[in-house]
2 protein chains.
Amino acid sequence: MTVWDRPEPPARPVPLDRERIVAAAVALADEGGLEAVSLRKVAARLDAGPMRLYGYIATKEELFDLMLDEVYGEILPEEPARDWREALRGHAHRTRQASLRHQWLADLLGGRPTLGPNALAVTEAMLSALDGVADLDTVMRAVETVSAYLTGAIRREIASLRAEQATGLSERDWQRAHGPHVSRMLATGRFPALAKLVHDGTELDPETTFATGLEWVLDAVAAKLA
Amino acid sequence: MTVWDRPEPPARPVPLDRERIVAAAVALADEGGLEAVSLRKVAARLDAGPMRLYGYIATKEELFDLMLDEVYGEILPEEPARDWREALRGHAHRTRQASLRHQWLADLLGGRPTLGPNALAVTEAMLSALDGVADLDTVMRAVETVSAYLTGAIRREIASLRAEQATGLSERDWQRAHGPHVSRMLATGRFPALAKLVHDGTELDPETTFATGLEWVLDAVAAKLA
DNA sequence: CTCATATCGATACACTGTATTGGCGGATTA
DNA sequence: TAATCCGCCAATACAGTGTATCGATATGAG
């Protein structure tokens with residue numbers, strides 16, 4: 001046995017904490033999606049055994065909660081908004097941007113009540129921007145309605161973005177698998193309105209689609225706040 | 001060896017087809033959520049080995065797609081709507097009802113582009129109700145905006161419903177685990193608007209919350225279609 | 001009746017989240 | 001200082017997952 005194949009010493013790893021664990025998990029998810037996050041892989045990134053993590057985390061779901069709240073930190077407004085509308089609009093666009101950076105966010109958004117400190121701070125920012133504009137119930141409805149639109153729109157956008165990426169990697173697989181299926185369906189004549197839309201509809205840019213829908217919803221909110 | 005412990009003959013199972021497989025999977029998911037759906041358990045319900053399913057299904061994800069489209073069958077309108085507004089409203093409420101019956105639907109809705117026959121038919125119904133009301137782009141935006149609200153609102157409602165159910169089973173676990181955490185957060189004074197809402201806000205009935213937000217969005221759509 | 005073929009399902013594999021337990025280090029006490 | 005004990009950490013273990021592989025079996029042809 002020479003020095004070369006002598007095993008390295010256990011490499012006494014840096015002491016762990018939640019932040020480092022969450023950061024590793026986020027990095028993993030950014031690279032390979034949520035399903036690439038396994039406790040074993042997270043631990044491996046930190047030169048630790050899998051069970052080590054259970055000193056800081058009770059369950060994998062809790063790790064997901066922490067990841068989500070971590071990203072809510074990126075969504076916090078840097079400065080207070082001028083008015084309620086800009087607050088809601090800003091929140092929406094920041095959330096969308098974060099979801100484009102961390103596509104796995106679409107899988108988590110709205111999936112469970114989020115009570116982390118950053119999520120609370122984000123909600124607080126919206127609520128305070130609406131404070132006094134209307135009664136409490138209306139304010140709450142406004143926030144919830146906008147959030148619902150947000151969540152849904154982002155989810156759909158990420159979903160089709162993924163479909164594109166997947167088919168980009170193996171385009172003709174998709175063409176052969178689903179393309180003809182859908183085309184055949186449309187050709188049956190059972191879906192005339194849909195066929196017309198696919199045939200004549202213009203491809204819409206996702207960002208303006210999102211923004212347009214958002215403004216519609218904001219208009220609706222404005223009408224109710226008045 | 002007596003007749004009693006003689007193993008039963010292989011029980012030659014009924015021949016499989018996609019419908020039976022999907023039905024078994026849906027039943028499983030209704031009982032225990034999406035995570036209770038494993039190919040082994042689905043196969044067991046049909047007196048088959050796990051690999052038997054691969055003759056009818058390429059992958060587990062495909063099974064989920066089929067389950068989703070199966071439920072879209074419950075969402076199809078029974079008769080054509082009188083006008084576009086009723087079409088969209090009806091679609092929304094039917095989707096919500098289906099999600100209450102099959103809570104796992106919340107995990108799938110909007111998660112991937114849905115191209116099954118029932119989903120296409122549902123979309124067709126909405127589009128045809130809007131046909132001629134405005135130009136194609138606007139119609140598409142209307143459908144997408146309402147769908148986005150739908151998806152998000154249902155997701156949130158099911159999420160909090162699950163939280164309630166989970167805490168119902170072990171109430172003081174939740175009280176001890178998260179209750180004080182949130183209370184402490186609010187007590188820090190860093191979230192005044194949030195605290196006021198929690199303190200003074202009235203508990204809103206989910207159904208009317210959903211309906212109210214929906215009407216807001218429909219109002220917005222109406223304003224743009226005009 | 002024999003043989004070829006093709007289909008089906010049992011076995012196998014790599015991987016998951018987590019419970020259990022054995023061993024090791026450091027702190028505490030005689 | 002020496003010995004003991006306690007607490008923590010991680011290796012092993014387990015039950016389960018989705019799916020690839022491949023051998024047996026059943027079917028059809030000659």
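In the text below, chain A, chain B and the rest are named by the order of the sequence lines, each starting its count at 1.
Val42(A) comes within 4.0 angstrom of nothing in the nucleic acid, heavy atoms only.
Nearest to the side chain of Leu39(A), among dG17(C), dT17(D), dA19(C), sits dG17(C). Ranking dT18(C), dT16(C), dG18(D) by closeness to the Lys60(B) side chain, first place goes to dG18(D).
In plain terms, the two heavy atoms of Ala148(B) and Ala153(A) that are nearest each other are CB-N, 3.5 Å.
Atom CG in Leu28(A) sits about 14 Å away from atom C1' in dC15(C), given to the nearest Å. The distance between atom CE of Met51(A) and atom P of dA13(D), rounded to the nearest whole Å, is 14 Å. Ile57(A) has its CD1 atom 17 Å from the C1' atom of dA19(C), to the nearest Å. For the pair Glu62(B) CD and dT19(D) P, the interatomic distance rounds to 10 Å; values are reported in whole Å. Residue Tyr54(A) contributes atom OH, which lies 5 Å from atom C1' of dT18(C) at whole-angstrom precision. Following rounding to the nearest Å, Glu35(B) (CD) and dG16(D) (P) show an atom-to-atom distance of 14 Å. Atom CG of Leu53(B) is separated from atom C1' of dT17(D) by 14 Å (rounded to the nearest Å). Taking atom OH on Tyr56(A) and atom P on dC8(D), their separation rounds to 11 Å, with Å as the unit.
Judged by distance alone, with hydrogens and angles left aside, the side-chain atoms of Lys41(B) form a donor-acceptor pair with the main-chain N or O of Ala36(B) at under 3.5 Å.
Residues Pro50(B) and Ala36(A) each lie close to DNA chain C; by heavy-atom proximity, the contact nearer the 5' end of the strand is made by Pro50(B).
Within the 4.0 Å cut-off from OP1 or OP2 of dG9(C), at least one side-chain nitrogen or oxygen of Arg52(B) is found. The side chain of Thr59(B) contributes no N or O atom lying less than 4.0 Å from OP1 or OP2 of dG18(D).
The line from CG of Leu120(A) to CG of Leu186(B) is 7.0 Å long, rounded to the nearest 0.5 Å.
Electrostatic pairing of Glu35(B) and Lys60(A) does not count as a salt bridge here, judged by no charged N lying under 4.0 Å from a carboxylate O. A salt bridge is absent between Arg94(B) and Glu78(B): the closest approach of a Lys/Arg side-chain nitrogen to an acidic carboxylate oxygen does not fall below 4.0 angstrom.
Counting atom types as modelled, Arg40(B) pairs no side-chain N or O with a base atom of dG16(D) as donor and acceptor under 3.5 Å.
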